[in-house]
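Taking it in order: structure first as structure tokens, then the write-up.
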Protein chains: 2
Amino acid sequence: MKRNLIPPPVVWRLSLYLRELQALAGEGVEKISSRKLADGLQTTDAQVRKDLAYFGQFGRPGVGYRVAELIQQLKQILNTDKVWPVVVVGAGDMGRALLRHKGFLAKGFNLVAAFDISDKLIGMVVGGAPIRHLDELQEFVLQSDIRMAVLAVPPQAAQGVCNLLCEAGIRGILNFAPISICAPGGVTVRQVDLAAHLEQLSFHVGAQSGPPGAMLRVRTTRIATER
Amino acid sequence: MKRNLIPPPVVWRLSLYLRELQALAGEGVEKISSRKLADGLQTTDAQVRKDLAYFGQFGRPGVGYRVAELIQQLKQILNTDKVWPVVVVGAGDMGRALLRHKGFLAKGFNLVAAFDISDKLIGMVVGGAPIRHLDELQEFVLQSDIRMAVLAVPPQAAQGVCNLLCEAGIRGILNFAPISICAPGGVTVRQVDLAAHLEQLSFHVGAQSGPPGAMLRVRTTRIATER
DNA sequence: TAGATTGTTAATCGATTAACAATC
DNA sequence: TAGATTGTTAATCGATTAACAATC
């Protein structure tokens with residue numbers, strides 16, 4: 001498998017192409033050119049063709065790509081033509097929101113169980129997945145041969161849970177904790193830092209404050225949260 | 001402002017540096033070299049120095065960078081030295097999880113209100129922010145001079161809400177809907193596609209399925225959700 | 001056939017890395 | 001002073017874009 005040779009931006013765009021193609025399929029579109037696929041995805045026809053060419057020849061000159069066929073090919077490439085069982089570690093607000101999220105399943109990911117240390121959460125079933133005690137994590141992962149995990153724990157706990165997961169044989173971790181974690185070679189870690197995304201926005205939006213009122217009126221302490 | 005000249009990867013790493021520096025400050029570290037800052041952040045000392053050099057001279061040869069000072073500088077650059085009021089549109093599971101998330105405020109973002117069309121949600125207060133009817137969105141944004149919005153609506157609704165937001169003068173949108181949206185020039189849109197991140201993991205983790213059992217045992221229909 | 005569009009190569013562009021004089 | 005580390009330039013590397021012969 002010469003997966004190492006493929007530039008990361010290419011793999012990322014594969015996901016975007018797949019998403020777009022699935023939307024098109026939903027609209028009943030049956031074939032599409034690289035140009036049309038590129039439009040709206042802020043890329044170019046050449047980029048689309050070059051990206052796909054890393055993996056094979058999926059189109060026909062003069063015609064374009066068959067939508068249904070390309071979807072299947074991309075799923076095979078991304079390994080989402082089967083459904084992956086995934087564990088969620090941390091069943092706080094973010095973890096539970098992810099568990100409830102309909103849509104992962106259609107993309108090939110089934111959040112089968114969650115793990116936490118809070119007695120208030122353990123025993124709950126959220127989005128169809130039971131929340132169990134963290135102590136049961138490794139046994140569950142090993143027994144069910146789970147390969148992927150979502151990490152939604154507080155930053156201080158992230159590295160420790162990462163270690164547990166890696167020991168248990170997890171091969172891919174999606175980390176929502178705003179801290180960079182280390183995993184042994186062979187384990188892929190992806191970081192999703194929501195605050196960092198907001199910072200990218202504020203950088204581009206610029207320094208122009210709203211009227212002083214808008215900036216000063218904001219609360220510094222939060223009102224106690226309900227439900 | 002020559003912000004256009006700065007490569008996007010540089011701005012992104014600025015957020016990572018800031019996050020790391022804030023963690024260091026919490027540990028009481030007072031000064032740090034580009035090498036130490038780069039370690040653990042999967043980058044190099046040269047990259048750190050080059051990135052910072054786009055914005056000025058913040059270190060001292062032979063010494064390094066003062067942590068507290070560099071934090072302040074990075075906040076100024078990213079425009080998070082003041083707190084931005086932000087609206088959340090869509091108060092479903094994801095929207096409410098974001099509203100409850102403590103930690104945005106410390107990063108310079110205050111989720112001041114949410115908007116939805118569901119009567120079940122309107123009137124609730126989540127994470128200190130009231131959920132109001134979508135009809136009130138534009139007036140609120142205009143009156144409070146809000147510049148940034150988080151979009152957490154179903155994909156079909158995303159473009160419509162985006163249009164509303166842009167009309168009301170929003171300048172930055174963080175889009176969680178798994179669909180690519182268009183906004184007029186001057187409005188920055190960032191996409192967060194969680195399923196796409198999982199796909200990147202499955203690509204790297206590879207095609208090796210677990211034992212057939214693990215793949216086949218997964219549910220196809222979800223059990224009705226409790227909380 | 002004529003028009004459209006692919007796959008692929010070569011040219012351009014942009015980002016990262018290496019190296020080092022300047023400085024604390 | 002000697003050791004460390006910066007800011008910055010030049011060299012390398014990698015990714016995107018342009019162009020076009022091949023093909024439907």
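Chain A is the first sequence line, chain B the second, and so forth, proteins listed ahead of strands; every chain is numbered from 1.
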Given [options], the nucleotide with the shortest approach to the side chain of [X]:
X: P7(A); options: dT16(C), dT6(C), dA15(D); value: dA15(D)
X: V63(A); options: dT5(C), dA22(C), dC24(D); value: dC24(D)
X: P61(B); options: dT8(C), dA22(C), dA10(D); value: dA22(C)
X: A46(A); options: dA15(D), dA18(D), dT6(D); value: dA18(D)

May I have the distance from [X] (atom [atom1]) to [N] (atom [atom2]), rounded to whole angstrom?
X: I6(A); N: dG14(D); atom1: CD1; atom2: C1'; value: 15 Å
X: K50(A); N: dG14(D); atom1: NZ; atom2: C1'; value: 10 Å
X: L37(A); N: dG7(C); atom1: CG; atom2: P; value: 12 Å
X: D51(A); N: dG14(D); atom1: CG; atom2: P; value: 17 Å
X: R35(B); N: dG7(D); atom1: CZ; atom2: P; value: 16 Å
X: D45(B); N: dA18(C); atom1: CG; atom2: C1'; value: 10 Å
X: L70(A); N: dT6(C); atom1: CG; atom2: P; value: 11 Å
X: Q42(A); N: dT17(D); atom1: CD; atom2: P; value: 11 Å

| said: Both Q57(B) and P9(A) contact DNA chain D. Taking the nearest nucleotide for each, which residue is further toward the 5' end? | reply: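 Of the two residues, Q57(B) wins.
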
| task | Return the 5'-most residue of the pair R60(B), P8(A) with respect to DNA chain D, ranking by each residue's nearest nucleotide. | result |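 It is R60(B), whose closest nucleotide lies nearer the 5' terminus.
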
Distance check: side-chain N/O of [X] vs OP1/OP2 of [N], anything under 4.0 Å?
X: Q47(A); N: dT16(D); value: yes
X: R13(B); N: dT16(C); value: yes
X: S34(B); N: dT5(D); value: no
X: Y65(B); N: dG7(D); value: yes
X: R49(B); N: dT6(D); value: yes

| field | Partner nucleotide, any strand, of dC20(D) [Watson-Crick/G-U, under 3.5 Å] | value |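 Because both required distances fall under 3.5 Å, dC20(D) counts as paired with dG7(C).
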
| Does dG14(C) have a Watson-Crick or wobble partner in any strand here, with both distances under 3.5 angstrom, and which is it? |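 dG14(C) is paired, partner dC13(D).
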
| said: Atom CD of residue position Q42(B) - does it have more than 12 heavy atoms of other residues, nucleotides or ligands inside 6.0 Å? | reply: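 No - once you tally the heavy atoms of other residues, nucleotides and ligands closer than 6.0 Å, there are 12 at most.
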
| said: By the 4.0 Å heavy-atom rule, please label Y54(B) as base, sugar-phosphate, or nothing. | reply: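 Here Y54(B) touches no strand at all.
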
| request: Could you check K107(A), R13(A), K75(A) and say which one makes a salt bridge (Lys or Arg N to Asp or Glu O under 4.0 Å) with E199(B)? | output: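 Only one option passes, and that is K107(A).
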
| message | Please find the pair of heavy atoms, one from F176(A) and one from L98(A), that lie closest to each other, and give the distance. | response |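 Reported closest heavy-atom pair: CE1-CD1, 3.7 Å.
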
| query | Between S202(A) and N79(B), what is the shortest heavy-atom contact and its length? | reply |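 Distance-wise, the nearest heavy atoms are O-ND2, 3.0 Å.
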
| field | salt_bridge(R49(B), D51(B)) N-O dist < 4.0 Å | value |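 Salt bridge flag = no for D51(B) with R49(B).
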
| Does Q22(A) use its side chain to pair, donor to acceptor, with the backbone of Y17(A) at less than 3.5 Å? |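 No.
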
